[in-house]
*Asks:* 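Got a structure here, written out as structure tokens. Questions coming.
FYI, side chains are in, hydrogens and waters are out, and symmetry mates aren't considered; it's all heavy atoms of this structure. By convention in this document, chain letters (A, B, ...) are assigned in the order of the sequence lines, proteins followed by strands, and residues within each chain are numbered from 1.
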There are 4 protein chains.
Amino acid sequence: MTDIATTPLTERGRRTRDALVAAARRVFEERGYAATRMQDVAAEAGVSHGTVYTWFPGKDELLREVTHAIVGEVVDAARERPREATSADPYPRLAGATRRFLVGYRRNARMLAVVEEAASADPEWTGVLDELREIYVTRTRRTLRRLQAEGHAPADIDPDVAAPALTGMVETFARRSATDPTTTDSDVEQLTRLWARAVGLTVPNHD
Amino acid sequence: MTDIATTPLTERGRRTRDALVAAARRVFEERGYAATRMQDVAAEAGVSHGTVYTWFPGKDELLREVTHAIVGEVVDAARERPREATSADPYPRLAGATRRFLVGYRRNARMLAVVEEAASADPEWTGVLDELREIYVTRTRRTLRRLQAEGHAPADIDPDVAAPALTGMVETFARRSATDPTTTDSDVEQLTRLWARAVGLTVPNHD
Amino acid sequence: MTDIATTPLTERGRRTRDALVAAARRVFEERGYAATRMQDVAAEAGVSHGTVYTWFPGKDELLREVTHAIVGEVVDAARERPREATSADPYPRLAGATRRFLVGYRRNARMLAVVEEAASADPEWTGVLDELREIYVTRTRRTLRRLQAEGHAPADIDPDVAAPALTGMVETFARRSATDPTTTDSDVEQLTRLWARAVGLTVPNHD
Amino acid sequence: MTDIATTPLTERGRRTRDALVAAARRVFEERGYAATRMQDVAAEAGVSHGTVYTWFPGKDELLREVTHAIVGEVVDAARERPREATSADPYPRLAGATRRFLVGYRRNARMLAVVEEAASADPEWTGVLDELREIYVTRTRRTLRRLQAEGHAPADIDPDVAAPALTGMVETFARRSATDPTTTDSDVEQLTRLWARAVGLTVPNHD
DNA sequence: TATGAATGAGCCTTCATTCAT
DNA sequence: GATGAATGAAGGCTCATTCAT
């Protein structure tokens with residue numbers, strides 16, 4: 001289903017293929033798309049570089065497979081329904097969601113940048129990027145709609161505009177904090193406040 | 001002063017060099033960094049490919065020069081002091097600023113993506129990106145501080161966190177609307193509201 | 001051990017690599033260093049030009065490898081202990097040595113000139129040249145010391161000066177005779193006499 | 001007469017042309033033939049690099065002109081008839097000649113190597129080299145013949161073989177001492193002795 | 001004459017991909 | 001399935017030479 005190229009028939013084949021996908025992700029994240037040579041991926045996976053072509057038709061498909069894996073992870077993560085989601089007070093709910101979003105996004109931030117790099121050279125990748133982002137945006141849109149339905153957020157907000165915009169804000173923050181290790185909890189708190197106020201929530205005073 | 005490589009000594013040289021920078025920008029925007037061949041830039045500028053090397057040591061410097069030009073543009077644009085800046089009511093002031101930001105950013109969005117592509121392959125470019133972004137962020141930080149000083153924005157907002165986050169939000173919006181021609185004025189209005197509410201401003205009701 | 005770049009793992013690889021070194025030597029000798037294109041070497045070895053880079057990082061390393069091979073040959077040749085070396089009369093001993101020197105040198109004369117060419121453009125090669133020459137000079141120095149110890153040569157000769165000078169004389173002669181096919185045995189006899197007289201040996205009269 | 005390319009018609013032209021020849025020699029000696037760019041020569045001469053082509057059709061002719069100048073110098077130097085040439089005792093005569101040879105050769109050693117480099121890439125230059133060397137060899141041949149005629153040197157020496165061989169010896173020594181500044185007078189004395197003994201002269205004992 | 005710019009042939013090198021074993 | 005080798009298209013860059021002014 002998620003296969004892009006050859007499906008392994010043996011256990012050994014499956015292991016090799018998985019190792020290649022994992023290796024590819026590491027190397028792509030480390031060097032970017034263009035600067036990654038098939039050679040590097042093979043070496044990282046501990047196989048001969050001819051072997052990559054046993055499992056993938058080419059470099060593109062390798063990236064596509066890695067991206068696919070990310071989509072899977074993200075979708076899975078989105079499925080989690082943690083406790084606080086049922087809380088009545090929207091602010092702590094939001095705080096938890098933001099924190100989770102940041103954690104999840106940070107895991108994939110570098111690969112997103114890599115896909116963006118690929119898209120810069122070949123617009124075909126734009127679709128993949130949009131697809132990935134749409135997962136995040138959809139979640140946010142749903143959140144906004146719920147807040148409006150519950151009377152927490154004003155009706156004059158258009159979720160179709162606000163969702164991508166707010167996601168973009170958190171994305172940018174996440175991307176930066178993915179590199180910058182000085183990000184503190186208070187920074188995350190600040191981000192949550194901006195988000196909350198932007199959609200009309202009342203922000204608790206204690207700080 | 002803004003020279004990165006060779007300075008032309010004659011009028012003809014200056015014209016050629018300028019044509020090359022302009023051509024490079026067009027081609028970079030069209031194809032991205034990696035996919036741009038020196039040949040393409042030369043052809044676009046209407047000169048032999050050897051001529052590019054008369055003025056620039058290599059592809060890197062060409063990109064650096066184009067980026068330099070953008071920084072110049074952006075700084076110049078930031079210098080403009082339009083009428084509404086003096087208005088007492090912060091919301092229209094903000095609306096104008098957002099609109100101007102979008103217009104300015106859209107002009108450079110594609111090149112920023114190109115630099116990002118270059119940075120993905122060679123981290124050396126990260127610095128250039130940061131420098132460019134800092135220009136926008138600094139402006140926003142200043143705006144936030146003024147709003148706080150004037151009592152329009154609450155004191156619990158940390159401009160050092162909020163400025164990059166909000167800039168990121170507008171950046172993302174701008175990037176998307178740079179490609180998507182369906183962006184309407186009402187979308188911009190939505191963005192302005194988010195921004196305004198996020199920093200605690202009162203948003204006019206009529207819409 | 002003698003590897004400079006990649007070591008072949010298969011028989012086929014070894015054959016290709018060896019063919020490349022041999023081809024490189026032929027082409028270098030034919031055209032000189034600068035005028036030799038990687039293309040030429042590849043063609044001479046009967047492989048695609050990309051294959052050269054499978055085994056050598058660049059042109060430099062190719063020359064280095066060829067030179068390495070020569071050093072090996074020369075050292076091996078120097079190891080031979082022919083009969084006449086044990087003769088009591090120094091002159092026939094010298095005559096034999098000179099002849100062998102000429103034969104050996106002639107085999108490498110052209111490549112030495114090539115390295116000299118490379119050294120002229122890039123002084124880094126000077127070291128390689130010195131190393132090669134030192135092999136010859138050391139042998140001569142040893143010969144001189146033995147002659148002095150045996151009382152055949154006067155003590156006022158300084159082997160450290162005479163060895164390079166006499167080696168230079170034979171080198172020059174060899175280089176010229178490498179190109180000039182009119183060199184006769186009597187020429188070699190003349191050279192031997194000069195050498196012998198220069199270090200004070202008695203020269204037989206019959207000629 | 002010694003002109004290879006354009007003859008200057010004005011004083012200014014003559015100065016430029018001379019400056020170019022001098023500059024070319026310096027740069028050739030510094031970097032070798034291949035590594036010298038016309039640009040470098042022009043810069044060294046303090047003119048625009050287009051100007052080189054006003055006076056010389058190309059790089060080859062520039063080298064040819066420099067070499068020509070050297071031939072002139074050498075011929076002029078050979079013309080000098082110093083006092084000791086008339087001395088009856090051949091050894092001091094020889095010592096003086098050797099010293100002069102060394103001095104003269106050292107001045108041109110590097111350029112000879114450069115021509116040799118050019119010859120390595122293009123055999124056409126071999127002729128120029130031979131011509132230059134022949135000047136030295138001829139002088140030595142004449143010296144040998146005189147020594148034989150005067151009964152100082154044995155008749156079994158063939159000046160046609162000995163002259164190039166001995167010249168080669170001194171050449172090698174000179175080349176090495178041109179780079180190596182540790183050459184002492186006693187080294188020169190050693191060289192003279194080898195030379196003298198090689199041609200059968202009696203060498204004075206005091207050392 | 002001199003200058004500064006433009007030209008373009010030519011070379012080295014990289015690396016995705018193919019292939020024989 | 002895996003391996004190591006071979007391939008060759010493609011592109012960056014240099015620099016001798018030409019040219020307009």
*Asks:* Under 3.5 Å, which donor-acceptor pairs link side chains of residues 30-38 of chain A to any protein atom two or more places apart or in another chain?
*Replies:*
{"residue": "A/Arg31", "atom": "NH1", "partner": "A/Asp40", "partner atom": "OD1", "Å": "3.4"}
{"residue": "A/Arg31", "atom": "NH1", "partner": "A/Asp40", "partner atom": "OD2", "Å": "2.9"}
{"residue": "A/Tyr33", "atom": "OH", "partner": "A/Asp60", "partner atom": "N", "Å": "3.3"}
{"residue": "A/Tyr33", "atom": "OH", "partner": "A/Asp60", "partner atom": "OD1", "Å": "2.7"}
{"residue": "A/Thr36", "atom": "OG1", "partner": "A/Gly32", "partner atom": "O", "Å": "2.6"}
{"residue": "A/Arg37", "atom": "NE", "partner": "A/Asp40", "partner atom": "OD2", "Å": "3.4"}
{"residue": "A/Arg37", "atom": "NH2", "partner": "A/Asp40", "partner atom": "OD1", "Å": "2.8"}

*Asks:* Which value, rounded to the nearest 0.5 Å, describes the distance between B/Trp55 atom CH2 and B/Thr7 atom OG1?
*Replies:*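 Those atoms lie 8.0 Å apart.
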*Asks:* CD of C/Glu117 to CG of C/Asp122: how many Å apart, nearest 0.5 Å?
*Replies:* 12.0 Å
*Asks:* Can you tell me the distance, in whole Å, between the CD atom of D/Glu11 and the P atom of E/dT1?
*Replies:*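 Nearest whole value for this atom pair: 11 Å.
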*Asks:* Are OP1 or OP2 of E/dA5 and a side-chain N or O of B/Thr54 less than 4.0 angstrom apart?
*Replies:* no
*Asks:* Using whole Å, what does the distance between atom P of nucleotide F/dA2 and atom CG of C/Leu9 come to?
*Replies:*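 It works out to 18 Å between those atoms.
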*Asks:* Spell out, as yes or no, whether a donor-acceptor pair under 3.5 Å connects the side chain of B/Arg17 to the backbone of B/Thr6.
*Replies:*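 Here the side-chain-to-backbone pair exists.
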*Asks:* For the atom pair OG1 (B/Thr10) and CZ (B/Arg15), what is the distance rounded to the nearest 0.5 Å?
*Replies:* 8.0 Å
*Asks:* Determine: side-chain N/O of B/Trp55 to OP1/OP2 of E/dA5, distance under 4.0 Å, yes or no.
*Replies:* no
*Asks:* May I have the distance from B/Phe56 (atom CZ) to E/dA5 (atom P), rounded to whole angstrom?
*Replies:* 13 Å
*Asks:* Please give, in whole Å, the distance from E/dC12 P to C/Leu63 CG?
*Replies:* 13 Å
*Asks:* For B/Leu63, is there any backbone N or O sitting under 3.5 Å from a side-chain donor or acceptor partner on B/Thr67?
*Replies:* yes
*Asks:* In dot-bracket notation, what is the pairing pattern of DNA chain F, taking Watson-Crick (N1-N3 plus N6-O4 or O6-N4) and G-U wobble (N1-O2 and O6-N3) contacts under 3.5 Å, with [ ] crossing and | for other strands?
*Replies:* .||||||||||||||||||||
*Asks:* Round to the nearest Å and state the distance from B/Asp40 atom CG to F/dG11 atom P.
*Replies:*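 Computing the B/Asp40:CG to F/dG11:P distance gives 8 Å.
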*Asks:* Might you confirm whether atom CZ of A/Arg107 has over 12 heavy atoms from other residues, nucleotides or ligands at distances under 6.0 Å?
*Replies:* no
*Asks:* Any donor and acceptor pair, going by atom type alone, linking the side chain of D/Glu61 with main-chain N or O of D/Gly58 inside 3.5 Å?
*Replies:*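 Yes; at least one donor-acceptor contact below 3.5 Å.
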*Asks:* Is the closest basic N to carboxylate O distance between D/Arg26 and D/Glu29 below 4.0 Å?
*Replies:* no
*Asks:* From the list E/dA5, E/dT3, F/dA2, which nucleotide is the closest neighbour of the side chain of B/Thr10?
*Replies:*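 That would be E/dA5.
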*Asks:* Could you run through nucleotides 13-21 of chain E and give me one letter per nucleotide, 5' to 3': B if any protein heavy atom sits under 4.0 Å from the base, S if only the sugar-phosphate is that close, - if neither?
*Replies:* BBSSBB---
*Asks:* Taking OP1 and OP2 of E/dA6, is either one under 4.0 Å from a side-chain nitrogen or oxygen of B/Thr16?
*Replies:* yes
